[in-house]
Q: 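Let me begin by handing over the structure; questions about it come next.
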Amino acid sequence: MDIHRPYLLNRVTKSPHSIPIISNALSIGQLFVPKSFSAVSFFDSLEHFSKLDGIKVLREAEYIARKHIIIYTPRGYFPQEGIDHSGLNGEQYQAHHSGWEVEEFQALGYEVIILKGQHNRLNPAFVRAFGADHEPVDALLAIKTM
């Protein structure tokens with residue numbers, strides 16, 4: 001699922017078992033029946049929502065997930081706007097609107113693993129936001145068992 005059609009049309013993996021859906025993730029509770037997926041994952045996507053909308057989308061994920069919700073996101077706020085690394089005119093969807101910390105996920109019932117230094121100068125968005133000499137920024141892997 002993605003909100004920007006060109007990302008789905010140009011995705012690297014085109015498994016015959018996947019169905020691309022163009023939609024805002026805030027609509028997943030309306031698109032899918034309760035407990036229709038074993039797991040719902042958000043990889044490098046939760047930070048693209050405001051904090052309030054991020055919590056809403058996680059609640060929607062709880063509605064459709066049977067076993068797990070899995071999140072991968074930068075630790076803290078990672079400024080990003082005006083960038084579309086894919087060159088598919090999706091800059092407005094790539095802006096970061098929130099940053100997340102361990103304690104926030106724990107308060108929502110998630111187990112959290114800190115992945116040290118996942119974001120660093122090898123990422124052009126990192127260099128643009130923090131500079132090439134900035135210390136790497138951690139990422140969070142948060143998992144909720146339903």
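Each residue takes its place number in the sequence, starting with 1. Note that these values count all heavy atoms, side chains included, but never hydrogens, waters or copies made by symmetry.
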Q: Quick check: closest heavy atoms across Lys144 and Leu108, and the distance to 0.1 Å?
A: NZ-O, 2.8 Å
Q: Would you call the rings of His119 and Tyr72 parallel, tilted or perpendicular, where under 30° means parallel and over 60° means perpendicular?
A: tilted
Q: Are His97 and His48 an aromatic pair by the rule of ring centers under 6.0 Å?
A: no
Q: State yes or no: are the ring centers of Phe32 and Tyr63 separated by less than 6.0 Å?
A: no
Q: Checking the side chain of Glu60 only, and the main-chain atoms of Gly29 only, is there a donor and an acceptor separated by less than 3.5 Å?
A: yes
Q: When you measure from the side chain of Lys35 to the backbone of Ala65, do you find a donor-acceptor pair of N or O atoms at a distance under 3.5 Å?
A: yes
Q: Identify whether the distance between the nearest side-chain nitrogen and carboxylate oxygen of Glu101 and Arg75 falls below 4.0 Å.
A: yes
Q: Membership question, hydrophobic clusters at under 4.5 Å side-chain separation (ILVMFWY): are Ile3 and Leu26 in the same one?
A: no
Q: Should Asn24 and Phe49 be marked as a side-chain contact (heavy atoms from CB on, under 4.5 Å) after you check the CA-CA gap, both sets of side-chain angles, and the distance that decides it?
A: CA-CA 10 Å; Asn24 186 324; Phe49 293 94; 3.6 Å; yes
Q: Locate the shortest heavy-atom distance separating Pro124 from Leu122; write the atom from each residue and the value.
A: CD-O, 3.6 Å
Q: Quick one: sort the Tyr7 and His4 rings into parallel, tilted or perpendicular, breaks at 30° and 60°.
A: perpendicular
Q: Between Phe42 and Ile22, is there shared hydrophobic-cluster membership here, with clusters defined by ILVMFWY side-chain heavy atoms closer than 4.5 Å?
A: no
Q: Nearest 0.5 Å, please: how far is CG in Leu46 from NE2 in His96?
A: 10.5 Å
Q: Verify the neighbour count for atom CD of Glu91: are there more than 12 heavy atoms of other residues, nucleotides or ligands below 6.0 Å?
A: yes
Q: Are the side chains of Lys56 and Leu52 in contact, using a 4.5 Å heavy-atom criterion?
A: yes
Q: Is it true that, when you exclude Glu103 itself, more than 12 heavy atoms of the residues, nucleotides or ligands shown sit nearer than 6.0 Å to its CD?
A: yes
Q: Take atom CZ of Arg5 as the centre, draw a 6.0 Å sphere, and report whether it contains more than 12 heavy atoms from other residues, nucleotides or ligands.
A: no
Q: Among Arg66, Lys67, His68, Glu62, which residue meets the side chain to side chain contact (heavy atoms under 4.5 Å, CB included) test with Met146?
A: Glu62
Q: Should Val57 and Leu140 be counted in the same cluster of Ile, Leu, Val, Met, Phe, Trp and Tyr side chains packed under 4.5 Å apart?
A: yes
Q: Which heavy-atom pair separates Gln80 from Tyr77 by the least distance, and what is that distance?
A: N-OH, 4.4 Å
Q: So, for Phe126 and His134, which heavy atoms are closest and what is the spacing to 0.1 Å?
A: CZ-O, 3.7 Å
Q: To the nearest 0.5 Å, tell me how far Ile21 CD1 sits from Leu31 CG.
A: 6.5 Å
Q: Check step by step if side-chain contact (heavy atoms from CB on, under 4.5 Å) holds for Phe105 and Thr73.
A: CA-CA 11 Å; Phe105 285 122; Thr73 190; 4.0 Å; yes
Q: For Ser27 and Gln30, indicate whether the former's side chain and the latter's backbone hold a donor-acceptor pair under 3.5 Å.
A: no
Q: Membership question, hydrophobic clusters at under 4.5 Å side-chain separation (ILVMFWY): are Leu141 and Val137 in the same one?
A: no
Q: Counting only heavy atoms from other residues, nucleotides and ligands, does the tally under 6.0 Å from CD of Glu81 exceed 12?
A: no
Q: Same hydrophobic cluster for Met1 and Phe37, using side-chain heavy-atom links shorter than 4.5 Å among ILVMFWY?
A: yes
Q: Nearest 0.5 angstrom please: Leu58 CG to Ile28 CD1, how far?
A: 8.5 Å
Q: Tell me if a side-chain donor or acceptor on Asn120 pairs with a main-chain N or O of Pro136 at a distance below 3.5 Å.
A: no
Q: Would you give the length of the straight line joining atom CD1 of Ile70 to atom CD of Glu111, rounded to the nearest 0.5 angstrom?
A: 13.5 Å
Q: Closest approach of Val40 and Ala61, non-hydrogen atoms and distance?
A: CG1-CB, 3.9 Å
Q: For Ser41 and Phe43, indicate whether the former's side chain and the latter's backbone hold a donor-acceptor pair under 3.5 Å.
A: no
Q: Between Pro79 and Phe130, what is the shortest heavy-atom contact and its length?
A: CD-CZ, 3.7 Å
Q: Can you tell if the side chain of Asp2 reaches within under 4.5 Å of the side chain of Tyr93, non-hydrogen atoms only?
A: no
